[in-house]
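Read the structure below first, then the notes.
Chain letters run A, B, ... following the sequence lines, proteins first and then strands; every chain starts at 1. Below, all heavy atoms of this structure are taken into account, side chains as well, without hydrogens, waters or symmetry copies.
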Amino acid sequence: MTSYRLATGGLIDRQTPLSFSFDGKRMLGFEGDSLASALLANGQLLVGRSFKYHRPRGILTAGTAEPNALMTIGQGGRTEPNTRATMQELYQGLEARSQSRWPSLEFDVGALNSLFSPFLGAGFYYKTFMWPAAFWEKIYEPFIRKAAGLGKASYEADPDSYDKCWAHCDLLVIGSGPAGLAAALSAGRSGARVVLVDEHSAAGGSLLSETATIGGASASQFVAETVAELASLSNVQILTRTTAFGWYDGNVFGAVERVQKHVLDPLPAVPVERLWRVVSKRAILASGAEERPLVFGGNDIPGVMMATAMRTYLNRYGVAPGKHVAIFTTNDSGYALARDLESAGVNLVAVIDGRPDAGFRYSGRARVIKGAYVSDAHGRKALSSISVWKNGSVETLKADALAMSGGFSPIIHLACHRGAKPVWSDEQAGFLAPTGLNGFELAGAVNTNSGIAACLADGAARGAACVEALGFTASVATFATVEGDIVAPPAKPIWKIPGIKGKAFVDYQNDVHRKDLALAVREGYGHVELAKRYTTNGMATDQGKLSNVNAIGLLAEARGVSPAEIGTTTFRPFYTPVSFGALAGGHFGHHFQPVRESPLHDWAKKQSAVFIDTGLWYRSSWFPRNSETNWRESVDREVLNVRANAGLCDVSTLGKIEVCGNDAAEFLNRVYSNGFLKLPIGKARYGLMLREDGFIYDDGTTSRLEEHRFFMTTTTAYAAGVMTHLEFCAQALWPDLDVRLASVTDQWAQMSVAGPKSRRILQPIVDDDISNAAFPFLAAKEVSLFGGQLQGRLFRISFSGELAYELAVPAGYGESVADAIMEAGNPHGIQPYGVEALSVLRVEKGHVTHSEINGTVIPADLGFEKMVSQTKPDFIGKAMLNREGLTAEDRPRLVGVVPLDPKASFRTGSHILAKDAAATLENDQGYVTSIAYSPHVGSTIGLALVRHGPERHGEEVVVWNGLCGEFTAARLCNPVFVDPQNEKLHV
Amino acid sequence: MASLVPCPHCGARPKEEFTVKGAAQVRPAPDTDKKSWVDYVYLRENPRGRYEEFWHHTSGCRRWLVVIRDTATHEIESSCDAAFAGQTDART
Amino acid sequence: MKRHGTNPIRYSALSILFNGLRGNQAWTPAWRQPEPKPHYDVIIVGGGGHGLATAYYLAKEFGITNVAVLEKSYIGSGNVGRNTTIIRSNYLLPGNNPFYELSLKLWEGLEQDFNFNAMVSQRGVLNLFHSDGQRDAYTRRGNAMRLHGVDADLLDREAVRKRLPFLDFDNARFPIYGGLLQKRGGTVRHDAVAWGYARGADMRGVDIIQNCEVTGIRRENGIVTGVETTRGFIGCGKLGLSAAGNSSRVAEMAGLKLPIESHVLQAFVSEGLKPFIDCVVTFGAGHFYISQSDKGGLVFGGDLDGYNSYAQRGNLATVEHVAEEGKALIPSLSRVRMLRSWGGIMDMSMDGSPIIDRTHLDNLYLNAGWCYGGFKATPASGFCFAHLLAKGTSHDTTRQMRLDRFERGYLIDENGQGAQPNVH
């Protein structure tokens, strides 16, 4: 005996059959089916295995809380493990596979675990697997990990696209059952902007499973008409297949729309999922109530199902759960199912009502047994009979399907996402949302209403009230009379059922049964949070939607207190699980972060540059020439050419900030540790910027172009940070200073022209006189170019140690100016050079970068003592510089390092040990911050920060790189390897 | 944290447009004693509740703001331009 | 060993067999629920991992058993119950490195020591790098580790690919250059750490008092005499604060202002999956890191939300950013679903390193500033704090973790970010 499709009925389209497969078995369903309803229609009761004992499991629910019917669907990069069959719409060609079973769902070896269940109780693994210690990683854990887990994820990249967007509205309504529809209607008719979301494929919620009528029309007709009216209102947006998964600060909701999860081949131009961030002035939660399972023996045998789920399969999908059905209920809702089953012609064996004094007068044919419990269900892979316990005696009834209803819990998750605690209500027999949620209201069943009429009325009233509070004129929507509505007032919950023989499950997926909870209490883990963590109850993919309240009830009984005292665990996002893809949107792969290209990018490309990532920038790294096969060949050539002739390097990525205003000089004087007040017009100066804690933040040159106009450069990496820092100083620290800042990094293309021939190359291009006399070292000014065709800024500054200039021109002219310089320089041997050569040149010259300025160095560490003004009353970082630790003699300080053997080399990140010292942390003297192969020196050279470094020039040390097994004898030396007298700069 | 931060210049904007720096403290006068400086740079009230802090509207008007926010509830009480933080009626 | 507390069943396969055959009715509570005594030699404020470990080692290593741990909620209700379970000792600076290595060594023998399987799993921690500069920084770090005898291996791109072929090697915005691997790093079942220490401490006579919130610190003549609590005054000889995210609040009761801000850090777990990733991996082009629990959930996290907070919940924008980083690192995560997110309160110190020290009050001791790295430190933190409480002097490995290091200028700043806690 098994489930089957009824000849008529349901909201499915029987004209459109859909072919699909389950574990390779071909089956047929109809348009409008869920995967779960189609499986049931095909008589597939067994759909999964449980986590620990591998017990056969069937479909339990018709919604998001489904713990058993988790399947893997899709192929390759579209593989989706743990898909709830109850939420997956059926489509032509769907291939579903069961999970966590071997070799097959029917014959699963893991089921042997059941035999050992007395030894596999809650937390058993905390008490064993400890000996011998090495066995954990090698034997026990691999075995446990292999056995654990649910579905198998793919390693293939997802071929589909995702999208993100914002929605702004006056009212967000979550859930489109009777309360949600009514709320949207009241609010929508007032003209307010309304967004209505529902997690299912069609709006209507529980109305789609109803046999009651509204004004004589079927509930589904009522839904169609209401949705049509809402859709006609331009101020209302209906998003189905959209789950609101989190409530965040400021009444912002996260929601995910499954745009193309119900098709085999998604359209490539359309995302498969879309993330919505909904900013709502008010929101209404109309999420309904979750029916609670009853905890009796064998309550997990396939064929046992939630009563409302059974009603959904019957009424919405036209699927009968079995031929001989029993209902076990603690409240009146069970009778709605009884009535519908009987009118569909299904044999109803009995209604077992836990209440001895149940007042509901059932008019059907079925036998009603009051004051009785189902103590055990029997069967292995399908239900065969049930034991009905009444006053100590047990009667066995044959049944192939059993519906259960243990009462209803309002679905309050979202209302608790911002920290408010649920409140237990004895009267409502459930946990209710806390009151006073700012801007978030509840309507319908989640607000303790029962029955269609009550939910419609509640929703309509709250929808109107919400928008009226926002200044709209709204009237409360009214509806025709509801016929055949069975209202189920809250009934006393039954936690502990007498006479149980078999395993009675609380958390189905995690195989937590009632004895596990008792054991947790016995062992001192009785606090609800400890019990959860010890037993894993509520930690399954449904996050306790079905199990938590039952667990709390059982804990309360075991501890002899009220559920109010037990309290709940914390509701946190996500209401239902959300994919990485949806949350990531388009930001993955190459589009993870944006790309910044210099204005000279195309010039560099023409020069066949090899590019390298530098933060978001692509910078030209080196420029290989014909015969060169190795990057070092190119870099060595570029370096030698700069020292012999000239080179052009793109330095546009440096941060550039325009500093203007009457107090600009005073401002710079306060943000740099060295003096800027007296910098003459037309001069550039190297500046050190400290943090308030005294450590160096950034460096760069700043030029005074006019009395009240400066042009600052920063390092590439810290450009944005320095700008923000300067704005802080100007706006928050010294708002009284007249200073204005503008980031102009992107406005200027800047190129370094370096080398002894650089003046000869530039002079024909620059209209102004740039002779040494007219334009000496550190000169800086606006210049005219190409006979007055263009204005640029020229700086005589040098990172390489050679005669050098930096020329800035408006970004759009960058490429043609660079081309012109290359052409003019061609007779002089100019070549482009990249950041690798730039780095070699600066290491040779002993110039520091953020490799040295690593956030833990102060000016004196780098030999910049003189750049710390002793006369300025104030600058950022001044106050902290004189601390003991910052003036200590043994701070690591900058030195040069050369290998004793010129053929030897070493790497950045190696440490420095005194010669013959043991390799211990205590003997660590410092570390290498930068290295380069210096064609000038003829060997690898390095910069290092070493204790007492400047006093140790000439000392032999070991460059220790144990990580790579390299130990190099070396000598500490002056960090300036080229032109220590700076003669070249002044020629 | 508020998903939206009210900027006195730009209106309520997504939090991701902003950068937070921390306690909106007053920088000591340059000649203040060392202890005050150490307090300023390193010690924090770190209150549970009302907190005045510096936020920068980095991807907006690029103004520094003083935002008064509750660290327990994340509710924002008000914000104003840091340059006018000392003035009355500067708050929105 | 003299047993003051409960005399619980020793955990073993045999005890499981024995009890299983008798219906599991004979298991006893893992720890008692004692009423507070009027006075203790030592009171620890905070029943998280660090507080419980401190009590455990006070009793076990230093013979001080008249100890109470006061917890305002249930034990392990703070960060030890909400973290991404990673252990490692891949630290750069001499102020940190020996301490975290001590911790890792204690992890290695912990389960046998306290007779509780905390599933210490040395699956390896791999820090990826995506630029020459990052490689250089990891080389420096790896060498600092090696100098202290800590295991460290530098993997090149191909070695990383061989181990984790499903990372994005073909279409990444920031290509993977290689990684620094610490094989001895790994993961631990976090809740079990709190429980194991609690049980071990209780067994040795420590009173673990839950639902007992400290509301005041009573002082007389510059000496702490005890604490006011929601369960009345409790006197003490020495008071140790181990209150993590609430450190500033508790310290304020003793007139102490700390170099600490409380920040929220989110963490996440996915739906259960069959074995997917076998080690801990960190993404160098972001803050993302990921591992997989024994139960099958992927456990991952990212950066701080960035603002001071005492609310244990995070921001959606950060969630999205974590997802972006995750998918950028592992493209096939796209269809994996996040199950749950949570936010913990991090006691972010001003240089990113912790404080284990005496205070301005003679018998008041502080253990705080763990930033987002407190879990891995649990054993050593407990051990060294116990050492300080018992002997009055710092353990060798915590000599630099002083409270006055900020004033004196001896910062332990691994990242070189300065006094800006939200970027450490």
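In this structure, A:Lys127 contributes its side chain and C:Phe116 its backbone to no donor-acceptor pair below 3.5 Å.
If you tally non-hydrogen atom pairs under 4.5 Å between each of A:Ser851, A:Gly151, A:Gly123 and chain C, the highest count goes to A:Gly151. Residue with the most contacts toward chain C among A:Met880, A:Glu692, A:Glu156, A:Arg418: A:Arg418 (heavy-atom pairs, distance under 4.5 Å). Of the listed residues A:Tyr140, A:Trp136, A:Phe588, the one with more heavy-atom pairs under 4.5 angstrom with chain C than any other is A:Trp136.
Heavy-atom distances place the side chain of C:His321, and not its backbone, under 4.5 Å from chain A. The contact between C:Gln292 and chain A is made by backbone and side chain atoms together, counting heavy-atom distances below 4.5 Å. Only the side chain of C:Arg10 comes within less than 4.5 Å of a heavy atom in chain A; its backbone stays farther off. Looking at C:Val120, only its backbone comes within 4.5 Å of chain A, counting heavy atoms on both sides. Looking at C:Met145, there are no atoms closer than 4.5 Å to chain A (heavy atoms on both sides), in backbone or side chain. Heavy atoms of C:Ile330 lying under 4.5 Å from chain A are absent altogether. Only the side chain of C:Tyr177 comes within contact range of chain A, with at least one heavy atom under 4.5 Å from a heavy atom of that chain. Using a 4.5 Å cut-off between heavy atoms, A:Phe51 touches chain C through its side chain atoms alone. At a 4.5 Å heavy-atom cutoff, C:Leu164 makes no contact with chain A through either its backbone or its side chain. Of the two parts of C:Gln33, only the side chain, counted from C-beta on, holds a non-hydrogen atom closer than 4.5 Å to a non-hydrogen atom of chain A. For chain A, the nearby part of C:Asp132 is the side chain; its heavy atoms alone come within less than 4.5 Å. Residue C:Glu320 touches chain A through both its backbone and its side chain, counting heavy-atom pairs closer than 4.5 Å. Heavy atoms of C:Asp168 lying under 4.5 Å from chain A belong exclusively to its side chain. If you measure heavy-atom distances from C:Leu180 to chain A, the contacts under 4.5 Å come from the side chain alone. Looking at C:Ser121, the atoms closer than 4.5 Å to chain A (heavy atoms on both sides) sit in the backbone and in the side chain alike.
Cation-pi contact between C:Lys327 and A:Phe580: absent, since separation from the ring centre below 6.0 Å together with deviation from the ring axis within 45° is not met. Stacking of C:Arg173 on the aromatic ring of A:Phe592 is not recorded, the 6.0 Å distance cut-off and the 45° axial limit not both being met.
A side-chain N or O of C:Arg189 and one of A:Tyr126 form a donor-acceptor pair less than 3.5 Å apart.
A:Asp249 places none of its side-chain heavy atoms less than 4.5 Å from the side chain of C:Leu316. With contacts defined as side-chain heavy-atom distances shorter than 4.5 Å, the pair C:Asp191/A:Tyr525 does not qualify. With contacts defined as side-chain heavy-atom distances shorter than 4.5 Å, the pair C:Arg140/A:Asn854 qualifies. Side-chain contact between A:Lys515 and C:Asn24 is absent, with no heavy-atom pair separated by less than 4.5 Å. In this structure, the side chains of A:Leu530 and C:Trp195 come closer than 4.5 Å at one or more pairs of heavy atoms.
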Show your reasoning for whether side chain to side chain contact (heavy atoms under 4.5 Å, CB included) applies to C:Gln112 and A:Trp131.
CA-CA 8 Å; C:Gln112 290 71 26; A:Trp131 305 272; 4.3 Å; yes
C:Asn143 vs A:Asn961, test: side-chain hydrogen bond (donor to acceptor under 3.5 Å, both in side chains). Steps then yes/no.
CA-CA 6 Å; C:Asn143 275 315; A:Asn961 185 3; 2.9 Å; yes
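Taking 4.0 Å as the cut-off between side-chain N and carboxylate O, A:Arg907 and C:Asp136 do not count as a salt-bridged pair. In this structure, A:Glu523 does not pair ionically with C:Arg199, as no charged nitrogen and carboxylate oxygen lie closer than 4.0 Å. Ion pair A:Arg84/C:Glu271 flagged as a salt bridge, since at least one NZ, NE, NH1 or NH2 atom sits closer than 4.0 Å to an Asp/Glu carboxylate oxygen. A salt bridge is defined here as a Lys NZ or Arg NE, NH1 or NH2 lying under 4.0 Å from an Asp or Glu carboxylate O, and A:Arg145 with C:Asp278 fails to meet this definition.
A distance of 6.0 Å or more separates the ring centres of A:Phe129 and C:Tyr11.
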